[in-house]
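Naming convention: chains lettered A, B, ... in sequence-line order (proteins, then strands); numbering from 1 in each chain. Since this is a predicted model, take the numbers as computed values, not measurements. The figures here come from the full heavy-atom set of this structure, side chains too, leaving out hydrogens, waters and symmetry mates.
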There are 2 protein chains.
Amino acid sequence: MNGPVIIARRLSALAPLAAETVALLESLSDIRQAPAGSEMVADQAALRPRFLINGWGARVRFLADGRRQILSFVLPGDGLGLCERPNPIALTPVVAITPVQWVEADRIAAAAFGGDNPDLEDALHIAAALDEACLLDHVVRLGRQTALERLSHLFLELRDRLTRVDLVQDQAFAFPVTQEQLADAAGLSAVHVNRTLQSLRNDDLIEYQHGRLRLLRPALLETLADYRAPMVSGWTSARHGADGHRAPFLSGHNP
Amino acid sequence: MNGPVIIARRLSALAPLAAETVALLESLSDIRQAPAGSEMVADQAALRPRFLINGWGARVRFLADGRRQILSFVLPGDGLGLCERPNPIALTPVVAITPVQWVEADRIAAAAFGGDNPDLEDALHIAAALDEACLLDHVVRLGRQTALERLSHLFLELRDRLTRVDLVQDQAFAFPVTQEQLADAAGLSAVHVNRTLQSLRNDDLIEYQHGRLRLLRPALLETLADYRAPMVSGWTSARHGADGHRAPFLSGHNP
DNA sequence: CGGTCCATTGAAGGGGTTCAATTACCGTGG
DNA sequence: CCACGGTAATTGAACCCCTTCAATGGACCG
């Protein structure tokens, strides 16, 4: 699947697109590239609309003493700067984890938010909502899950996101992420990521070598990590757990 | 400052609003309330647009075994369900932490996203961007900060958000949050929250009693927590730290 | 072949959790 | 007015998940 086609594919899976809209997406041709390690989005710069079509990126945030936190991974098919306001507040640097290719998409943004192409606008809104859902999952991972759960959960999320752009074959996908980067994403130390990965391998839950990752028993992993795939147009999964013996969420001022 | 006025105040601080828009906001009158502990937004329900005008809420997520994570606090002046798509994906329950009051805002959403009132639309977009910035801060807190830093950082965020709706006097504000809820927000145990709070008090960094919180040395706290206030229309603060001795973010395939 | 990045392993230590109990704080009803 | 019940805050002690420090080995590359 060549460059811009991947984008049309992904977006039309989110919302039905008119034939002309698909044609518009597939006509994108202003392809750029950058080497691994480069900043796709600088800290301060205005963010021009674009779609990643090849390689991985990461939104990063730094603390003063050098601690790093990866806020999200940017995968092929993902958009950057595709929101109504040209100058979003939550601007954080995006770095290329691998060599990357993207297409400039000013025309797309203009078409979607100009009022024409409501189908496209809708698809972009859904894409943004999915991004936010991932961010919420990330919060839960970091706040309440163990190392094993965090990595499992993250792997499942990546599997699902990559599946949408057809980059997963039989639960396996290219995984060009350093263990240190993985640590920065999962809020762990690189050493402990290493040990947790080994544990996952020893338990035959994943296969991990040569920059490729395979989930061996995905159903088990989903249980282990309490993973639930986001559902477009509404979060279906009911919270399925027993409340256990925990106190009610809030004091008894209510019935 | 009575009910709906707070909303007009807050939004016009984000983007200049036309006089008629302000009037529209101030004319909101469909006030509802609910006791503490009630679900303002159920897990599955469609999310009707509204503004909280009194009390605190919290977006929560549960794991199967009962672990909880507070994704964000919802403060007076904050909107819920104010996005283009009526059925957002990232739907999570919102519970009332205190007794709450809100105004229904279907008319506002219609006006803003109907194409009239671009000023209002802009303000809502900025508000949404601020929300996202808070979420990103939350990720960094949970992923990379210590207990002391997490709480300090969270307090500073709350101070700034409450300042925007004029609920802070001399670095002090009502803080109706249980230590257990605070733990669920900060990704800590309630016990350790307690100890961390004591540490903050012993160091004369905060005053915390009778459901009121005061930041005693805010500048010091900001340094301690590496806190930087979000700037509307662009994230100004440069990362001010030394890179230390850490390896470059990515391998050396780049200049 | 030496350099660099990355994965891996060992050992020690600490920040945070868990369990358990006590104390303080309210609003309620006798 | 005080005992009562329930929630929230506090404290102690033991434990453990994860971090930190340090060192080794492997893979790729110029």
Side-chain angles (χ1 to χ4, degrees), chain A residues 35-37 63 65-69 97-98 141-151 175-184 186-202 206-213 244-255, chain B residues 35-37 63 65-69 97-99 141-151 175-202 206-213 244-255:
Chain A
L63 294 184
D65 60 2
R67 281 175 286 180
R68 281 194 286 255
Q69 176 64 45
I97 279 192
T98 67
R141 274 196 296 264
L142 295 173
R144 282 304 182 211
Q145 295 199 290
T146 66
L148 211 71
E149 293 168 330
R150 287 185 208 186
L151 292 185
F175 188 70
V177 182
T178 288
Q179 291 186 5
E180 184 174 357
Q181 291 160 353
L182 202 45
D184 285 334
L188 300 166
S189 70
V191 172
H192 200 243
V193 164
N194 182 295
R195 294 187 169 120
T196 306
L197 286 175
Q198 290 179 51
S199 162
L200 284 168
R201 280 183 291 203
N202 287 336
I206 64 167
E207 224 172 76
Y208 173 60
Q209 48 187 323
H210 309 308
R212 236 184 134 63
L213 182 66
H245 42 34
R246 294 202 68 167
F249 186 66
L250 288 159
S251 58
H253 300 281
N254 56 318
Chain B
L63 294 183
D65 60 2
R67 278 174 287 181
R68 282 194 285 255
Q69 177 64 46
I97 279 191
T98 68
R141 275 196 295 262
L142 296 173
R144 283 303 181 213
Q145 294 198 291
T146 67
L148 211 72
E149 292 167 330
R150 289 185 206 186
L151 292 186
F175 188 70
V177 182
T178 287
Q179 291 188 4
E180 184 174 354
Q181 291 161 354
L182 202 45
D184 285 334
L188 300 167
S189 69
V191 171
H192 200 243
V193 163
N194 183 295
R195 292 187 171 122
T196 307
L197 286 175
Q198 289 179 52
S199 163
L200 283 168
R201 279 183 290 203
N202 287 336
I206 65 168
E207 222 173 77
Y208 173 61
Q209 48 187 322
H210 310 307
R212 239 184 129 63
L213 182 66
H245 41 33
R246 294 203 67 169
F249 185 67
L250 288 158
S251 56
H253 301 282
N254 57 315

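Proximity of A:Gln198 to the phosphate of C:dT9: a side-chain N or O atom is located under 4.0 Å from OP1 or OP2. Put simply, B:Asn194 has no side-chain N or O that comes within less than 4.0 Å of OP1 or OP2 on D:dA9.
Rounded to an integer number of Å, the gap from B:Gln145 CD to C:dG15 P is 16 Å. Here C:dG15 presents its P atom at 14 Å from CG of B:Leu188, a figure rounded to the nearest Å. Protein atom CG of B:Leu200 is 12 Å distant from nucleotide atom P of D:dT10, rounded to whole Å. Remark: P of D:dC17 and CD of A:Glu149 are 12 Å apart, rounded to the nearest angstrom. Spacing between atom NE2 of B:His210 and atom P of C:dA24 amounts to 15 Å, rounded to whole angstrom units. A:Leu151 has its CG atom 13 Å from the C1' atom of D:dC18, to the nearest Å. Summarising the geometry, the separation between NE2 on A:His192 and C1' on C:dG15 is reported as 14 Å, rounded to the nearest angstrom. Straight-line distance from the CZ atom of A:Arg67 to the C1' atom of C:dG15: 13 Å, rounded to whole Å.
Counting non-hydrogen atoms under 4.0 angstrom, A:Gly211 reaches nothing in the nucleic acid. Residue A:Leu197 is out of contact with every strand shown, counting any heavy-atom pair closer than 4.0 Å. Across all strands, B:Ala190 comes closer than 4.0 Å to no nucleic acid atom at all (heavy-atom distances). As judged by a 4.0 angstrom heavy-atom cut-off over every strand, A:Arg201 is placed among residues touching the sugar-phosphate backbone only.
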#### Entry: A:Gln198 vs A:Asn194, side chain to side chain donor-acceptor pair (under 3.5 Å): CA-CA, chis, key distance, verdict
CA-CA 6 Å; A:Gln198 290 179 51; A:Asn194 182 295; 2.3 Å; yes

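When distances run from any side-chain atom of A:Val191 to the nucleotides D:dT10, C:dG10, D:dA8, the shortest one goes to C:dG10. Comparing C:dA7, D:dT10, C:dG16 by their nearest atom to the side chain of B:Gln179 picks out D:dT10.
Here the side chains of B:Leu182 and B:Leu197 are in contact, with some heavy-atom distance below 4.5 Å. No side-chain heavy atom of B:Leu151 sits under 4.5 Å from any side-chain heavy atom of B:Ile206. By the 4.5 Å heavy-atom criterion applied to side chains, A:Arg144 and B:Asp184 are counted as neighbours.
The base of C:dG10 lies close enough to the side chain of A:Arg195 for a donor and an acceptor atom to sit less than 3.5 Å apart.
With respect to B:Glu180 and B:Arg68, a salt bridge is recorded, a charged nitrogen being found less than 4.0 Å from a carboxylate O.
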